[in-house]
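Only one structure is covered here, and it is reproduced in the block below.
The model shown is predicted, which means the values in this text are computed figures rather than measured ones. Below, chain A is the first sequence line, B the second, and so on; all start at residue 1.
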2 protein chains.
Amino acid sequence: MSLTHAPAGAVRQGSLRELNLALVLGRIAAAERPPSRADLATATGLTRATVSAVVEDLLAGQLVSESDPAPRSGAGRPARGLVLADQGPAGLGLEVNVDYLAVCVVDLAGEVRHRTVHRADLRPVAPADALAQLVEMAGAARDDAADQGLTLVGAALAVPGLVDDAGLVRLAPNLGWQDVPVPALLAEHPPLIEQVPGVPALVVDNEANLAALGELHSQPPGPSSFLHISGEVGIGAGIVLDGALFRGVRGWSGEIGHLPVHPEGRPCRCGGQGCLEQYAGQEAIVAAAGLVRAELPADTATARLAELAEAGDADALRALHDAGTALGVAVAGVVNLLDLDTVVLGGGYAALAPWLCPPVLAEIGARVLTAAWSPVTVRPSTLGAEAAAVGAAGSVVRRIVAQPAGWLARAG
Amino acid sequence: MSLTHAPAGAVRQGSLRELNLALVLGRIAAAERPPSRADLATATGLTRATVSAVVEDLLAGQLVSESDPAPRSGAGRPARGLVLADQGPAGLGLEVNVDYLAVCVVDLAGEVRHRTVHRADLRPVAPADALAQLVEMAGAARDDAADQGLTLVGAALAVPGLVDDAGLVRLAPNLGWQDVPVPALLAEHPPLIEQVPGVPALVVDNEANLAALGELHSQPPGPSSFLHISGEVGIGAGIVLDGALFRGVRGWSGEIGHLPVHPEGRPCRCGGQGCLEQYAGQEAIVAAAGLVRAELPADTATARLAELAEAGDADALRALHDAGTALGVAVAGVVNLLDLDTVVLGGGYAALAPWLCPPVLAEIGARVLTAAWSPVTVRPSTLGAEAAAVGAAGSVVRRIVAQPAGWLARAG
DNA sequence: CTCTATTTGTTCAGCGATTGAATTATTTGC
DNA sequence: GCAAATAATTCAATCGCTGAACAAATAGAG
């Protein structure tokens with residue numbers, strides 16, 4: 001029904017300023033080139049007087065800074081361009097995955113200002129030890145950020161599993177985690193975050209969700225609704241609708257890996273039968289290509305497949321085609337259901353996209369009722385590896401952009 | 001990411017009042033019993049002074065009225081309860097379906113104040129003629145509404161097919177419509193609607209979407225996220241997320257009928273194979289139950305099936321069980337993907353729910369990863385037949401509740 | 001029956017934020 | 001060098017919320 005999305009609570013006198021701060025800052029963030037105050041006034045519908053006042057607050061709070069005047073033709077006083085500050089608040093992104101730990105820092109503009117990746121097989125490592133190592137990496141990241149004039153205002157941790165509202169990792173099957181109380185474990189380490197009203201110090205979320213957010217905020221800006229599929233050992237999807245991640249009632253949306261593609265087919269460890277994961281998961285593709293998994297570490301399986309396919313290996317090509325077809329059946333269902341026009345292949349699928357896209361598109365063409373009127377785009381993710389960590393850090397700074405008042409109240 | 005849903009445009013001085021009018025009116029609409037001004041103040045966080053001023057506007061604009069004081073224990077001046085007005089703006093709901101035309105009027109409180117249904121096979125009738133008849137029924141509805149002190153501020157038309165943004169019915173296969181420009185056809189008749197800022201005079205939408213909206217606003221209030229499945233000849237779904245209908249990028253979401261449940265199964269008229277519709281659509285169930293369709297008008301097929309199942313007919317029971325299993329496979333996929341906890345069976349499925357629910361629940365239990373932690377409810381729709389018309393009319397008045405300022409500007 | 005405690009609703013001065021017009025600042029083009 | 005054009009700021013006016021005081025209306029105690 002798309003009613004006005006009014007603020008949930010009361011709209012007080014001060015909310016007015018809060019909302020306009022967010023409005024103006026959001027415009028600056030979304031603009032292609034640095035807008036002037038006058039541009040912002042016409043874009044937002046506010047008067048120039050109000051925009052000036054709002055911008056003054058944003059400048060004082062280190063959220064935006066003035067850039068060189070954008071070249072403009074014609075007469076008149078030159079405008080001063082406004083850009084997101086490269087100092088001030090920043091977000092900390094953390095990721096624990098099967099074969100690596102990653103930490104990164106993203107500034108307001110979405111730039112990655114720090115990045116550390118530690119490759120290791122995390123499956124035999126106890127959760128507390130893995131998190132301790134991550135905290136150590138994060139400490140170095142914090143120091144590096146501070147040197148660049150950045151203040152970490154929040155952290156987000158990406159995990160390949162189901163996470164509940166409290167940050168408890170219910171189940172991360174491929175990592176071997178079960179009921180891991182991440183916030184409690186991290187609370188034992190000294191804090192790295194400067195608390196800001198409106199920004200949670202720590203968010204724990206599914207890796208597929210955060211990777212989708214990363215894709216949403218990547219440059220150049222893409223569509224505001226799409227399906228992002230992370231194909232690893234498991235297959236997870238992040239659903240972005242109208243520029244917002246859709247989490248589901250309990251935050252467990254996106255379990256596309258267990259969509260039935262052959263209802264009477266192979267049994268799956270989830271208890272169902274014929275789940276997508278059994279046909280398009282990393283292990284299924286590897287097995288179908290005739291590779292022996294024991295000789296192939298998890299983190300090189302995808303690269304090896306791409307190599308073989310590149311070389312024209314018939315088994316690998318057939319395996320990828322079959323996986324793409326299974327994926328296409330599932331994606332066609334999702335597209336029929338949600339009417340999305342963009343599907344992004346991320347995670348391990350990104351490197352395999354040249355071979356996966358054709359069969360996926362074929363299934364969509366055959367099965368999607370509306371494909372005749374408007375085409376569906378299937379493309380690889382623009383972010384590379386560790387997309388979830390970048391997305392995680394980005395999700396933190398997006399909160400500042402969406403609610404600058406909290407930061408301003410703190411920073412004076 | 002669930003950022004604050006800020007108003008899209010500029011927040012001007014007057015927006016403040018607009019937003020608080022909507023906030024207070026929304027609370028009155030959502031309240032179980034008539035709230036007092038003091039109740040509203042504590043519920044919204046506004047001061048009593050502001051609430052009084054806002055309520056004064058709402059009273060003057062005929063959007064709310066004062067009711068008998070709610071009995072309360074303890075001392076103190078008795079409160080005056082506030083309820084949505086039973087006069088003032090109302091919505092017109094229209095529906096063209098395969099075997100009937102329906103018109104209804106719903107008031108602010110969601111009560112159906114007028115209802116007309118005309119049963120007839122609409123397939124041989126030209127779209128313009130069907131719409132002309134609908135307009136005639138709507139004229140009578142308008143007069144009846146006016147006698148009750150109601151003003152029609154908008155209309156919504158439910159159609160069993162794909163509709164684009166402009167109201168063009170691209171395809172309604174079971175009705176035989178293709179590229180029918182509904183707004184243009186209706187514009188030839190004298191207007192029945194009093195234009196109000198913020199309320200479109202006519203919205204054309206998919207029947208499944210509007211039925212889902214009807215379910216969302218039915219009393220008593222249910223969950224704010226659910227999947228509503230309309231099982232007729234085709235199978236459509238309305239997806240309600242966080243109290244809002246999700247329409248998809250082009251407004252064509254919900255095509256659950258073409259979710260593949262047996263990818264190498266029966267060919268479907270959509271061009272795909274093994275679509276749900278081929279296993280759980282009305283015609284498929286009728287055929288599986290051994291009934292001859294020619295002897296069975298479309299509008300009695302469901303009733304006849306229920307009758308047979310009630311009587312213990314083995315063929316009917318088996319047909320319903322198989323259909324329920326196919327439906328369950330599809331629903332399990334949706335639940336995995338969207339993490340919904342409520343599925344409503346509407347349309348023809350409502351009457352068949354006693355036999356469909358068990359196999360659907362069985363498939364969900366077997367296939368949904370998270371079902372172990374929190375159960376999924378599957379239940380029949382509370383609204384009866386013509387749910388889409390009621391939902392359509394309700395969608396109009398919900399706009400007034402969400403944006404009362406438009407109506408108030410008009411009514412003075 | 002009267003008085004007090006209690007809760008509801010209104011009145012009013014004060015204030016913060018936006019507005020719109022006037023003013024200042026800075027450049028291009030003639 | 002001057003006029004036109006565009007950008008940004010200043011300032012009185014206005015709108016709507018706040019908070020506190022006040023008026024209204026009832027239940028219960030004595």
Side-chain angles (χ1 to χ4, degrees), chain A residues 6-7 9-24 28 33-60 64-82 404-405 408-409, chain B residues 6-7 9-24 28 33-60 64-82 404-405 408-409:
Chain A
V11 187
R12 0 188 93 252
Q13 199 70 247
S15 325
L16 228 165
R17 195 48 168 283
E18 286 181 23
L19 291 168
N20 282 332
L21 282 165
L23 180 68
V24 170
I28 295 174
R33 38 188 89 262
S36 67
R37 291 166 176 74
D39 292 338
L40 292 170
T42 54
T44 61
L46 294 166
T47 61
R48 287 182 311 230
T50 304
V51 170
S52 278
V54 167
V55 166
E56 195 174 1
D57 284 3
L58 294 175
L59 284 169
V64 307
S65 55
E66 294 191 320
S67 72
D68 289 340
R72 179 178 47 77
S73 64
R77 169 175 169 178
R80 273 174 287 170
L82 297 165
L408 294 179
Chain B
V11 187
R12 0 188 87 253
Q13 201 70 251
S15 325
L16 230 163
R17 193 49 167 279
E18 285 181 23
L19 291 168
N20 282 331
L21 281 165
L23 179 68
V24 169
I28 295 174
R33 39 188 88 262
S36 68
R37 291 165 176 77
D39 292 337
L40 292 169
T42 54
T44 59
L46 295 166
T47 62
R48 291 191 310 249
T50 305
V51 170
S52 279
V54 167
V55 166
E56 196 173 359
D57 283 2
L58 294 175
L59 284 169
V64 306
S65 56
E66 294 192 322
S67 72
D68 290 339
R72 178 178 48 76
S73 65
R77 170 175 168 174
R80 270 174 289 171
L82 296 165
L408 294 179

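Rounded to whole Å, the distance from CG on B:Asp57 to P on D:dC15 is 14 Å. Distance CZ (B:Arg48) to C1' (C:dC12): 15 Å, rounded to an integer number of Å. For the pair A:Glu66 CD and C:dT26 P, the interatomic distance rounds to 13 Å; values are reported in whole Å. Atom CD of B:Glu18 and atom P of D:dC17 are 11 Å apart (whole Å). In this entry the distance linking CZ of B:Arg80 with C1' of C:dT7 reads 13 Å, nearest Å. Put simply, CG on A:Leu82 is 12 Å from C1' on D:dA7, counting in whole angstrom units. A straight line from CZ of A:Arg12 to C1' of C:dA17 spans 15 Å, rounded to a whole angstrom. For the pair A:Leu23 CG and C:dT18 C1', the interatomic distance rounds to 14 Å; values are reported in whole Å.
Nearest nucleotide to the A:Arg77 side chain, out of D:dT18, D:dA7, C:dG9: D:dA7. For A:Leu16, counting side-chain heavy atoms from C-beta on, the closest listed nucleotide (D:dA25, C:dT19, C:dA17) is C:dA17.
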Next item on the list: Would you please test A:Leu23 and A:Leu46 for side chain to side chain contact (heavy atoms under 4.5 Å, CB included) and show each step?
Entry: CA-CA 10 Å; A:Leu23 180 68; A:Leu46 294 166; 4.2 Å; yes
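Of the side-chain N and O atoms in B:Asn20, none sit less than 4.0 angstrom from OP1 or OP2 of D:dG16. At least one side-chain nitrogen or oxygen of A:Ser52 sits closer than 4.0 Å to the OP1 or OP2 atom of D:dT9. At the phosphate of D:dT9, OP1 or OP2 sits under 4.0 Å from a side-chain N or O atom of A:Arg37. Taking 4.0 angstrom as the limit, B:Thr50 places a side-chain polar atom (N or O) nearer than this to OP1 or OP2 of D:dT18.
Between B:Asp39 and B:Glu56, the residue anchored closer to the 5' end of DNA chain C is B:Asp39, taking for each the nucleotide with the nearest heavy atom.
With rounding to the nearest 0.5 angstrom, the OG1 atom of A:Thr50 is 12.0 Å from the CG atom of A:Leu40.
Residue contacts for A:Ala49: at a heavy-atom cut-off of 4.0 Å it reaches a base atom on one of the strands shown. B:Arg17 comes within 4.0 angstrom of the backbone, heavy atoms only, and of no base. Nucleic acid contact for A:Ser36: sugar-phosphate only, since backbone atoms but no base atoms lie under 4.0 Å from a heavy atom of the residue.
With hydrogens and angles ignored, the 3.5 Å screen pairs a side-chain donor or acceptor of A:Ser15 with a backbone N or O of A:Arg12. At distances below 3.5 Å, at least one donor-acceptor pair connects side-chain atoms of A:Ser36 with backbone N or O atoms of A:Asp39.
Taking the charged nitrogens against the carboxylate oxygens, B:Arg37 and B:Glu66 do have a contact shorter than 4.0 Å, which makes a salt bridge.
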